[in-house]
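Take a look at the structure set out below.
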Protein chains: 2
Amino acid sequence: MPSLKSELKKRGDFDSVEQETTLAILRTSDLLENRLARLLREHGLTPSQYNVLRILRGEGTPLPCLDVAQRMIQVAPAITRVVDQLLKLDYITKTQSSQDRRVYMVDIKPSGRKLLAKLDKPILNLHANTMRHISQSDQKTLIRILESIRDRQSD
Amino acid sequence: MPSLKSELKKRGDFDSVEQETTLAILRTSDLLENRLARLLREHGLTPSQYNVLRILRGEGTPLPCLDVAQRMIQVAPAITRVVDQLLKLDYITKTQSSQDRRVYMVDIKPSGRKLLAKLDKPILNLHANTMRHISQSDQKTLIRILESIRDRQSD
DNA sequence: GCCAGATAGTTTACATGTTATGTATCGGGT
DNA sequence: ACCCGATACATAACATGTAAACTATCTGGC
């Protein structure tokens with residue numbers, strides 16, 4: 001009987017089912033994040049950098065910095081630095097908009113697309129492997145419940 | 001039809017159910033973490049600091065630094081700093097073990113217990129509120145599936 | 001006794017998230 | 001034309017996570 005359950009028992013039982021549910025989500029997420037981060041690190045990317053590149057590739061056209069931030073549920077300052085990093089790595093471009101000079105548009109470069117293309121299969125495999133013991137029907141159930149948790153939140 | 005689904009559609013459809021499942025977990029976790037962090041911040045604590053205090057309270061006896069780290073699935077350097085912070089805040093004690101002088105035992109102080117006691121109800125309420133629309137049976141399902149995801153991982 | 005390898009923590013360097021604050025620019029009302 | 005509030009980012013300050021390197025201490029074998 002491995003990690004989670006025994007660990008948590010040690011520090012007292014759950015105070016409520018809701019708390020147990022919350023902890024289960026947080027712990028599982030931690031695990032998944034770590035695995036993804038390790039894979040990305042092998043290619044010199046951080047999860048944030050990867051997400052920005054994904055968003056830009058998905059969009060197809062240049063995007064203002066803050067639009068990228070919004071899609072990552074992130075605050076502006078974080079994006080500024082990630083964009084700086086990606087510029088240094090030469091995976092994106094950043095140009096001041098001529099319509100509105102407050103705005104800076106970022107776009108993915110071919111080098112960035114190439115990197116993403118190289119990552120697509122390994123990442124797909126990672127996720128497939130992570131979920132390999134979970135039936136499709138359980139996955140759909142999971143997605144449904146998690147979605148309803150997110151959608152019912154006021155903020 | 002709100003956030004997640006529409007957002008993700010924008011950047012291209014999911015590549016697989018496994019990927020969708022993964023993203024659902026990560027996004028939901030983000031949401032929960034943010035809500036908890038906000039509540040804790042009102043009391044001057046970070047999530048890490050709170051977790052360390054919880055572990056120490058649950059344990060009841062002094063614990064070596066690295067033992068605390070393990071239970072948080074964290075690496076040693078992170079603990080060093082969180083422990084330092086909690087020392088500065090005067091919520092814990094840290095004493096060198098006389099048996100093995102490499103080891104430093106940390107323990108929660110009464111002030112720390114008092115703070116946790118003050119937090120218990122609000123946090124319970126937060127979790128209850130987050131899950132208020134989710135049936136107990138769905139929660140149990142969620143816990144079961146998430147647990148099986150975690151338990152089936154090799155590392 | 002002594003030394004090599006293991007173990008507990010710390011320190012350093014880097015990337016990121018957060019809030020608060022500063023800067024440039026835009027845009028609408030007078 | 002001008003000014004004031006809003007908007008797009010950038011910067012600063014702080015806490016945290018990670019890997020890598022370092023210190024102190026312990027321990028088993030010779």
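Throughout, a chain's letter reflects where its sequence line sits, starting with A, and its residues are numbered from 1.
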Same apolar cluster: A/Leu115 and A/Leu36, side chain cutoff 4.5 Å: yes
Gap between atoms CD and C1', on A/Glu42 and D/dA19 respectively (whole Å): 14 Å
Separation of C/dT16 C1' from A/Lys88 NZ (nearest whole Å): 14 Å
Charged N-O contact under 4.0 Å between B/Asp107 and B/Lys94: no
Pairwise salt bridge (Lys or Arg N to Asp or Glu O under 4.0 Å) hits with a residue in residues 109-120 of chain A, at least two apart: A/Arg57-A/Asp120, A/Asp90-A/Lys109
Rounded distance [0.5 Å steps], CD1 in B/Ile149 versus OG1 in B/Thr22: 7.5 Å
Residue met sooner reading DNA chain C from 5', once A/Pro47 and A/Ser98 are mapped to nucleotides: A/Pro47
Whole angstrom value for the distance that separates C1' of D/dT16 from CG of B/Asn51: 12 Å
Presence of B/Gln96 side-chain N/O under 4.0 Å of D/dA24 phosphate oxygens OP1/OP2: no
Lys/Arg N to Asp/Glu carboxylate O, A/Arg71 vs A/Glu59, below 4.0 Å: yes
Between C1' of D/dT16 and CG of A/Asp30, the distance in whole Å: 12 Å
Whole angstrom value for the distance that separates P of D/dT16 from CD1 of B/Ile73: 17 Å
D/dT18 phosphate, OP1 or OP2, under 4.0 Å from A/Arg41 side-chain N/O: no
Shortest non-hydrogen contact from B/Leu40 toward B/Pro47: CD1-CA, 3.6 Å
Letter per nucleotide, 5' to 3', of nucleotides 7-13 of chain D [B base touched, S only sugar-phosphate touched, - untouched; heavy atoms, 4.0 Å]: BSSBBBB
Passing option when A/Thr21 is tested against B/Gln139, B/Lys140, B/His127 for side chain to side chain donor-acceptor pair (under 3.5 Å): B/Gln139
Value in whole Å for how far the C1' atom of D/dA15 lies from CG of B/Leu89: 12 Å
D/dA15 phosphate, OP1 or OP2, under 4.0 Å from B/Gln85 side-chain N/O: yes
Sugar-phosphate only, base, or nothing, as touched by A/Val75 at under 4.0 Å among non-hydrogen atoms: base
Whole-Å gap separating P (D/dT27) and CZ (B/Arg101): 12 Å
Integer-rounded Å distance: D/dT16 P and B/Leu45 CG: 10 Å
